[in-house]
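Report on the following structure.
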2 protein chains.
Amino acid sequence: MADNDTSKLSAALEDYLEAILNLSAERGVARSRGIADTLGVARSSVTRALRSLADRGLVNYEPYGIVTLTDDGLRIAETVARRHEIIQSFFVNVLGVEKDIAQKGACEAAHALGPAIIDRLMGFIEFVNDSHKNGDDLVGRFRQFCKNRPAAKDKTPSKATRRKATKTLAHAKPGQKVRLTSINAGQKLRSRLAALGLVPNVEITVVSTGRPGPFMINVKGSKIALGKPMVDKIIVE
Amino acid sequence: MADNDTSKLSAALEDYLEAILNLSAERGVARSRGIADTLGVARSSVTRALRSLADRGLVNYEPYGIVTLTDDGLRIAETVARRHEIIQSFFVNVLGVEKDIAQKGACEAAHALGPAIIDRLMGFIEFVNDSHKNGDDLVGRFRQFCKNRPAAKDKTPSKATRRKATKTLAHAKPGQKVRLTSINAGQKLRSRLAALGLVPNVEITVVSTGRPGPFMINVKGSKIALGKPMVDKIIVE
DNA sequence: TTGAAAAGTTAGCCGAGACTAACTATATTA
DNA sequence: TAATATAGTTAGTCTCGGCTAACTTTTCAA
C-alpha cells in the first residue's frame, strides 16, 4: 500500500518498472545489476530509483534483496510493456521499419501516448490483420506503394509544413532582393544604420553573403559591408 | 556561426524552436512573452532557454530584443514542426483520434521518432490517401471495423503481452494454492519462517489476504498468520 | 514628457535523474 | 573458512528545466 501516490509516474520510473517486469519473466528474478544493464545506467541510479518506487508502493525492495513488483507496480509495468509492444508492432509489421530503430522509437513513444491513441493503434493493427485474412494484403500494397514513391527526406519540409518565419538578412542569398522591415536594435545603432540608408521599407540587394569576406549589400546604388552581428539584426521580407 | 554544437538538442529546446517558428509565422515576430504563453512556462525560463539556443547558434537573441531563427535553427524548427504535423495527421486522419488528444500525444512523440519512422509514417498517410483516390476507403473501412470490435481497455494486458513476473504471496488470491519458491530475506528470518514449515517447495493454501485482518495461509494443515512485510518477502509460483 | 503598466531579466531555489568514487555486504571458491 | 570477486549502497556532484521574487528596461498613454 504505502503511499499510493496519485501523481503520474515519470518516464524514467516507468522504464524501471518495465525492466523489472521483463527481467522477472526472463531470468525468474530481478536484481539491481540486471536492471542497470538493461537500462544502461549506473548501479547507484538503480538503487535510488528502487527506493523511489518502493516509497510509492510499486515494488517490494529492501537493501541487498531481490526486487518484486507489487500489484500496483505490476499493473503499471504491464500497461507500459503493452504500449511498447503495440507501438513497436505497428512500426515493424505495418510500417516495415527496421526492428532496432522501431525498438528505440517505440520505447520513448510508449510514455507519450495515452490510452485513447494506444487503443486506436491496436485496433488498426487488428484491422490490418483482419483485412489480410479477407484477402486484402494492405501491408503488401503499402510496400509496393513505397517502392514507386520517391523517398522524402526528413529534413525537407513539405509545402504543407512550410511557414514564413521572420527572416533576417542572414537568411538571404546572393543576388536576392529584400525589403527592410525593421531593425532589432537600440536607438543608437538604428540611427547609425539609418545614416547608411538602412531604414524601414528600403530595398536591399544582396551582393555576397560573406564566408569568406564581409556581407555585402547594395542600397540605392551604394555598396555597404556589414558584419555578422549587424546582419542578424536586420529583419527583412 | 557560434558553437555549432554537434550534440542533440533536448526535447524542451526543440519545443522552444518550434514555438518561435509558429509565433514568427502567426504574429510576424516572436517575443519572449509569447513563447512563455505558448509553452506554458515562466518568462524567466524562456530567457534562459533563449540564451542556451543563442549559444548553440540556433537563434539570434539579445536581451530585450525580438527573437529570430538562424538558418540552423530554422532547419531544426521546421523538422520538428513537420514531424509534429505528420504524427498528428496520422492520429486524426487515419486513426480518428480526437484532435486535442492527438495534439498532446503528437507533441511528445515528435521528439521520440527518428527520420526512418517519420518517413514511413508519411508514406503511409500518402498511401491511405492514394487508396482513397483509387476507390478504396481504408479509413472508412477501419472506422467500420472499430464499431464491430469490443473496445479494449488500455489497462488490460493482452495475452500476447502477458508475462509471468516474479510473484510474491501478496499477489495470491484467497483459496489459491501456490508453491513457495524462496524467501527474500536474511538468514535469521528464513530460519524463523522455516520453523513454521515455510521452506522452499512447500505447498501453501491462501485462506484470506487480509485487508482487514491478517494474511492467513494454510501450510500442511496448520494455519499461519503473516504480516504484510512477510507476505512481500515470500516468493511463490 | 513623465510615470505607470507590461515585458524582460537576474538571482536563487528546487527536484529529477544521471554520474563517479569509495565503501559495505554477499557469494564463491580454493 | 578465509580470501577475493561481485553486487549493492552511500555520498557527493552535475546538468537540465522548471519555479518565484525582485529588479530593470521598454512601451504607451495621459
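To find a chain, count down the sequence lines: A is the first, B the second, and so on, and within it residues start at 1. Please read these numbers as outputs of a predicted model, since none were measured by experiment.
- An angle of 0°, rounded to 10°, separates the two end axes of the helix from C:dT1-D:dA30 to C:dA30-D:dT1, each defined over five pairs.
- Salt bridge B:D100/B:K104: absent, no basic N to carboxylate O contact under 4.0 Å.
- In this structure, A:E98 places its CD atom where only 12 or fewer heavy-atom neighbours from other residues, nucleotides or ligands lie under 6.0 Å away.
- Contacts classified as salt bridge (Lys or Arg N to Asp or Glu O under 4.0 Å) and involving residues 189-201 of chain B (residues at least two apart or in different chains) are not found.
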Acceptor/donor pairs from residues 42-54 of chain A side chains to any protein atom, 3.5 angstrom cut, sequence neighbours excluded:
residue, atom, partner, partner atom, Å
A:T47, OG1, A:R43, O, 3.4
A:S52, OG, A:R56, NE, 3.3
A:S52, OG, A:R56, NH2, 3.3

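- You'll find the side chain of B:K233 stays beyond 4.5 Å of the side chain of A:N60, heavy atoms only.
- Looking only at side-chain heavy atoms (C-beta outward), B:K220 and B:V202 come within less than 4.5 Å of each other.
- With sequence neighbours left out, the side chain to side chain donor-acceptor pair (under 3.5 Å) criterion links A:N218 to no other residue.
- Computed from coordinates, the B:K188 NZ to C:dA25 P distance equals 13 Å when rounded to whole Å.
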With B for base contact, S for sugar-phosphate-only contact and - for none (protein heavy atoms under 4.0 Å), nucleotides 2-17 of chain D reads -----BBBBB-----B
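- Contacts of A:S89 classified as side chain to side chain contact (heavy atoms under 4.5 Å, CB included), with partners at least two apart in sequence or in another chain: A:N93, A:I125.
- When the C1' atom of C:dG15 is taken as reference, atom NZ of A:K8 falls 16 Å away, rounded to whole Å.
- Taking only side-chain nitrogens and oxygens, A:S45 never comes nearer than 4.0 Å to OP1 or OP2 of C:dA18.
- Nucleotide D:dT26 holds its P atom 15 Å from the CD1 atom of B:I66, rounded to whole Å.
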